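Below you'll find the structure, written out as structure tokens, and then a few comments.
No experiment lies behind these values; they were computed from the predicted model shown.
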Amino acid sequence: GLRLLGYTLLGYAVAGAWNPRLYAMNTLALVSLLLFFGAYGNYWDWRLHGESNGTQGAMTRWRLNDLQGLAVCLMPLGIAGAALWAARQAGLSGASLGWLALAFGLGLAYIGPQLRLKTRIGGLLTTPIVAAVLFLQGYTAASHPLSLSVMLFCGLLALFQCQAEVLHLLDDRLHGQEHPPYIEASRLAAWLRRLPRVAFWGSLG
């Protein structure tokens with residue numbers, strides 16, 4: 001789950017407005033949120049589908065019941081809240097906070113038991129959208145203004161993450177993990193060939 005942090009770090013680099021304290025606190029908040037999503041997602045993968053994963057293993061080792069296990073999953077949110085408060089004191093922009101709130105809401109919708117977009121039509125697009133949003137969160141952290149070229153760059157990042165998601169779904173099928181039932185392996189393989197071509201011509205444009 002921490003792989004998505006790379007998009008925020010890329011946002012810092014592209015913005016070029018160096019603020020060590022702000023970026024350190026913002027990064028700590030994002031690491032905490034991504035750790036929460038990893039643990040929380042594993043919790044529901046186990047509860048809803050019986051998958052063996054890190055959260056289930058930790059609950060077994062520590063002899064935690066369901067409620068205690070869920071409470072442990074929520075603990076990183078406290079660190080994230082404190083880090084965000086410190087980031088705001090260091091100058092985190094309102095726009096960046098808004099992008100982070102959007103990413104948080106999409107993440108909950110993707111893995112939570114209520115909507116669980118990861119098993120629905122269109123769910124494949126959630127993570128690419130979150131990747132672009134996290135890039136924008138890092139880019140605007142120090143109030144750097146958006147431009148058309150930056151928005152186009154976000155589109156290319158989303159295409160890159162789409163390819164990663166297709167590979168992830170194919171891997172899930174090979175290992176018998178949960179996957180959207182409407183997506184056939186042959187269709188995924190076809191998109192795996194198409195997406196690099198789309199990204200190439202988009203980059204030229």
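You'll find the side chain of Leu33 reaches within 4.5 Å of the side chain of Leu100, heavy atoms only. Put simply, the side chain of Asp45 does not reach to within 4.5 Å of the side chain of Ile111, judged on heavy atoms. For the pair Thr126 and Lys118, the minimum side-chain heavy-atom distance is 4.5 Å or more. At least one side-chain heavy atom of Leu10 sits under 4.5 Å from a side-chain heavy atom of Val14. For the pair Met151 and Leu136, the minimum side-chain heavy-atom distance is below 4.5 Å. Under the 4.5 Å side-chain criterion, counting only non-hydrogen atoms from C-beta, Leu125 is in contact with Cys162. Between Ile129 and Leu102 the shortest side-chain heavy-atom distance does not fall below 4.5 Å.
Looking at residues two or more places apart in sequence or on another chain, you find a side chain to side chain contact (heavy atoms under 4.5 Å, CB included) between Leu74 and Phe36, Leu77.
Annotation for Asp66 and Met59: closest pair CA-CE, 3.9 Å, computed over non-hydrogen atoms.
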Check the pair Tyr139 / Thr8 against side-chain hydrogen bond (donor to acceptor under 3.5 Å, both in side chains), numbers first and verdict last. CA-CA 7 Å; Tyr139 183 84; Thr8 299; over 6 Å; no
For the pair Gln161 and Leu4, evaluate side chain to side chain contact (heavy atoms under 4.5 Å, CB included) and give the outcome as yes or no after the intermediate values. CA-CA 9 Å; Gln161 185 61 39; Leu4 289 173; 4.2 Å; yes
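Without hydrogens or angle criteria, Asn26 side chain to Ala87 main chain gives no donor-acceptor distance under 3.5 Å. Looking at Arg120, its side chain does come within 3.5 Å of a backbone N or O of Leu115 through a donor-acceptor pair.
Between the CD atom in Gln56 and the CG atom in Asn42 there is a gap of 9.5 Å [rounded to 0.5 Å]. Separation of atoms CH2 (Trp44) and CG (Asn53) is listed at 13.0 Å; rounding is to 0.5 Å. Rounded to the nearest 0.5 angstrom, Leu84 CG and Ile79 CD1 are separated by 12.0 Å.
The aromatic ring centroids of Tyr12 and Trp18 lie 6.0 Å or more from each other. In summary, the aromatic rings of Phe37 and Tyr110 are positioned with their centroids too far apart to meet the 6.0 Å limit.
In this model, no donor atom of one side chain and acceptor atom of the other lie less than 3.5 Å apart for Tyr7 and Gln137.
Using bins of under 30°, 30° to 60° and over 60° for the plane-to-plane angle, the ring pair Tyr40/Tyr43 lands in the parallel bin.
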